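Notes follow the structure.
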Amino acid sequence: MKYEIMTKILTRLLIRRKVTAGELAESYGVSVRSIYRYIEELCVCGVPVEIERGRYGGISLADTYRLPSGYMTEDEYVAAVRALDAMASQINDENLLSAREKLKSKLKTEKRNLSVCGNIIVDGGTWSNSRQFSEKMRVCEQAVNESRSLLIDYIARGGERSKRVIDPHVLVFKQNVWYVYAFCHIKQQFRTFKIGRIRSASFTGNTFEKKNVSRDEMDLDFTYSDDEFVEVTLEIAPDSIADAEEWIGIDNIEPRGGIYVAEVPLKNDSTLVNKILGFGGAVKVISPAELGERVKAAALNIYRN
């Protein structure tokens, strides 16, 4: 009984995205306390359900959440729609017609490839979560195209977590990473948000009037100051040249007497050391010496561990 109600709660949230605990309790004949307990169990299972207190609060599900792709196959969707079509021809029931239309819409969503500007296929996630990332991209793209505000749950690089309303204006792709350039209601200014750091996003129901934003106005340096970079010279093994080109760009690498050398400014933080180590010895630090010592120390620490 409990799991049946949990499934029904999830299904309703997928359709309506926001309901109240009282509404769910009345629908399924249980107490409000039980509803909150079921919601907690859904959260433990990884479903991003949010509880908002107050007069206009309720239980909501992020628009970036979708059922796993294997939940229903395309054939199962088609069979369900056909069955509902047959029943709808015999029974004039609004709920039945509504369920049929929602299933048809879901089938289109499952078959749709994410596109930006109509003809670019985007899958910027990791191998383990490409679907989740694509859902975030889908919502951000829709928000940009339709001028719809988003409530995002954002985790900054330093670990700070915040919820904020943003007005997405442009999607930005830089150094193999996707960002959304948006007006932040908390800061009252435009900010650049890394899409991979958006934990969840939901449409607020509000729209906004887009401002004319030129490329010169956009902060594409992402708040990095000059003193955060260091001029680095690297020697790269031939068998790793393709990976190195994707990391620092083809234009920054040149052949010199049978070897490949890169001279480029790079952000001088722990991620630089980790990136060099990730090449497994195929990238050698020529300068600065201080960076070479940090790489050596990190490699020795790996050896000790």
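Note that the coordinates shown come from a computational prediction; the quantities given were computed from them, not determined experimentally.
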Taking C-beta and beyond as the side chain, do Val295 and Leu277 meet within less than 4.5 Å on heavy atoms?
-> yes
If you look at every heavy atom in Gly22 and Val32, which pair is closest and at what distance?
-> CA-CG2, 4.2 Å
Establish whether Tyr260 and Ile250 are linked, either directly or via other cluster members, by ILVMFWY side-chain heavy-atom contacts under 4.5 Å.
-> no
Distance from Ile5 atom CD1 to Tyr28 atom OH, nearest 0.5 Å?
-> 8.5 Å
What's the verdict on side chain to side chain contact (heavy atoms under 4.5 Å, CB included) for Leu300 and Ile302, showing C-alpha distance, side-chain angles and the deciding distance?
-> CA-CA 5 Å; Leu300 288 172; Ile302 292 173; over 6 Å; no
If you round to the nearest 0.5 Å, how far is CG of Leu266 from CG of Leu291?
-> 8.5 Å
Less than 4.5 Å apart, any side-chain heavy atom of Glu50 and any of Ile59?
-> no
For Tyr179 and Phe193, run ring pair (Phe, Tyr, Trp, His ring centres under 6.0 Å): C-alpha distance rounded to whole Å, both residues' side-chain angles, the deciding distance at 0.1 Å, then the answer.
-> CA-CA 5 Å; Tyr179 302 85; Phe193 299 93; over 10 Å; no
Taking C-beta and beyond as the side chain, do Phe208 and Pro168 meet within less than 4.5 Å on heavy atoms?
-> yes
Gap separating the NE2 atom of His185 from the CZ atom of Arg191, nearest 0.5 angstrom = 13.5 Å
Pair Ser147, Thr207: side-chain N/O donor-acceptor within cut-off below 3.5 Å | no
Does CD in Glu26 sit with more than 12 non-hydrogen atoms of other residues, nucleotides or ligands closer than 6.0 Å?
-> no
Would you kindly say whether Asp167 and Ser149 are connected by a side-chain donor-acceptor distance under 3.5 Å?
-> yes
To the nearest 0.5 Å, atom CZ of Phe229 lies from atom CG of Asn268 at 10.0 Å
Search all heavy atoms of Val285 against all heavy atoms of Ile276 and return the closest pair with its distance.
-> CG2-CD1, 3.8 Å
Does Asn252 use its side chain to pair, donor to acceptor, with the backbone of Ile248 at less than 3.5 Å?
-> yes
Is Val230 close to Pro288 at the side-chain level, that is, under 4.5 Å between some pair of heavy atoms?
-> yes
Measure the shortest side-chain to side-chain distance between Ile152 and Ser200 over non-hydrogen atoms and say whether it is less than 4.5 angstrom.
-> no
In the single-linkage hydrophobic clustering (I, L, V, M, F, W, Y; side-chain heavy atoms under 4.5 Å), do Val19 and Tyr36 co-cluster?
-> yes
What pairs of residues pass the salt bridge (Lys or Arg N to Asp or Glu O under 4.0 Å) test when at least one of them lies in residues 272-292, not counting sequence neighbours?
-> Glu290-Arg294
Do other residues, nucleotides or ligands put more than 12 heavy atoms under 6.0 Å from the CG atom of Asn301?
-> yes
Could you give me the CA-CA distance, side-chain angles and deciding distance for Val261 and Ile236, then say whether side chain to side chain contact (heavy atoms under 4.5 Å, CB included) is met?
-> CA-CA 6 Å; Val261 175; Ile236 304 161; over 6 Å; no
Just by modelled atom types, is the Asn206 backbone N or O under 3.5 Å from a matching donor or acceptor in the Thr204 side chain?
-> yes
Evaluate the ring planes of Phe190 and His169, with Trp represented by its six-membered ring, and classify them as parallel (under 30°), tilted (30 to 60°) or perpendicular (over 60°).
-> perpendicular
Between Glu23 and Arg12, is there a side-chain N and carboxylate O pair less than 4.0 Å apart?
-> yes
Establish whether Val177 and Ile155 are linked, either directly or via other cluster members, by ILVMFWY side-chain heavy-atom contacts under 4.5 Å.
-> no
Please name the pair of heavy atoms, one in Lys267 and one in Leu272, separated by the smallest distance, quoted to 0.1 Å.
-> O-CB, 3.5 Å
Test item: Val165 and Ile186 side chains (from C-beta on) under 4.5 Å apart, heavy atoms | no
Which distance, rounded to the nearest 0.5 Å, do you find between the NZ of Lys194 and the CH2 of Trp178?
-> 14.0 Å
Under the side-chain hydrogen bond (donor to acceptor under 3.5 Å, both in side chains) test, which residues partner Ser162, sequence neighbours left out?
-> Arg164
Output for pair (Ser34 OG, Ile39 CD1), nearest 0.5 Å, gives 11.5 Å
Are any of the side-chain nitrogens in Glu135 or Arg138 under 4.0 Å away from the carboxylate oxygens of its partner?
-> yes
Residue pair Ile241 / Ile253, side-chain heavy-atom distance below 4.5 Å | yes
Transitively linked via ILVMFWY side-chain contacts under 4.5 Å: Ile35 with Leu10?
-> yes
Side-chain heavy-atom pair Arg161, Tyr154 within 4.5 angstrom cut-off = no
Dump the intermediate steps for side chain to side chain contact (heavy atoms under 4.5 Å, CB included) on Glu235 and Arg256, then the final yes or no.
-> CA-CA 10 Å; Glu235 181 181 317; Arg256 290 185 188 173; over 6 Å; no
Can you name the closest pair of heavy atoms from Leu234 and Ile286 and give their distance?
-> C-CG1, 4.2 Å
Heavy-atom donor-acceptor pair, Glu146 side chain to Ala143 backbone, under 3.5 Å = no
Assess whether atom CG of Asn305 is packed by more than 12 heavy atoms of other residues, nucleotides or ligands within 6.0 Å.
-> yes
Output, in order, the C-alpha distance, side-chain angles, deciding distance and verdict of side chain to side chain contact (heavy atoms under 4.5 Å, CB included) for Glu231 and Glu263.
-> CA-CA 7 Å; Glu231 290 290 338; Glu263 294 179 346; 5.8 Å; no
With the threshold set at 4.0 Å, does a side-chain nitrogen-carboxylate oxygen contact exist between Glu209 and Lys211?
-> no
Smallest separation among heavy atoms of Leu150 and Ala201, with atom names = CD1-CB, 4.5 Å
Basic-acidic side-chain contact under 4.0 Å: Lys296, Glu293 = yes
Nearest heavy atoms of Leu61 and Ser202, plus distance in Å = O-OG, 4.0 Å
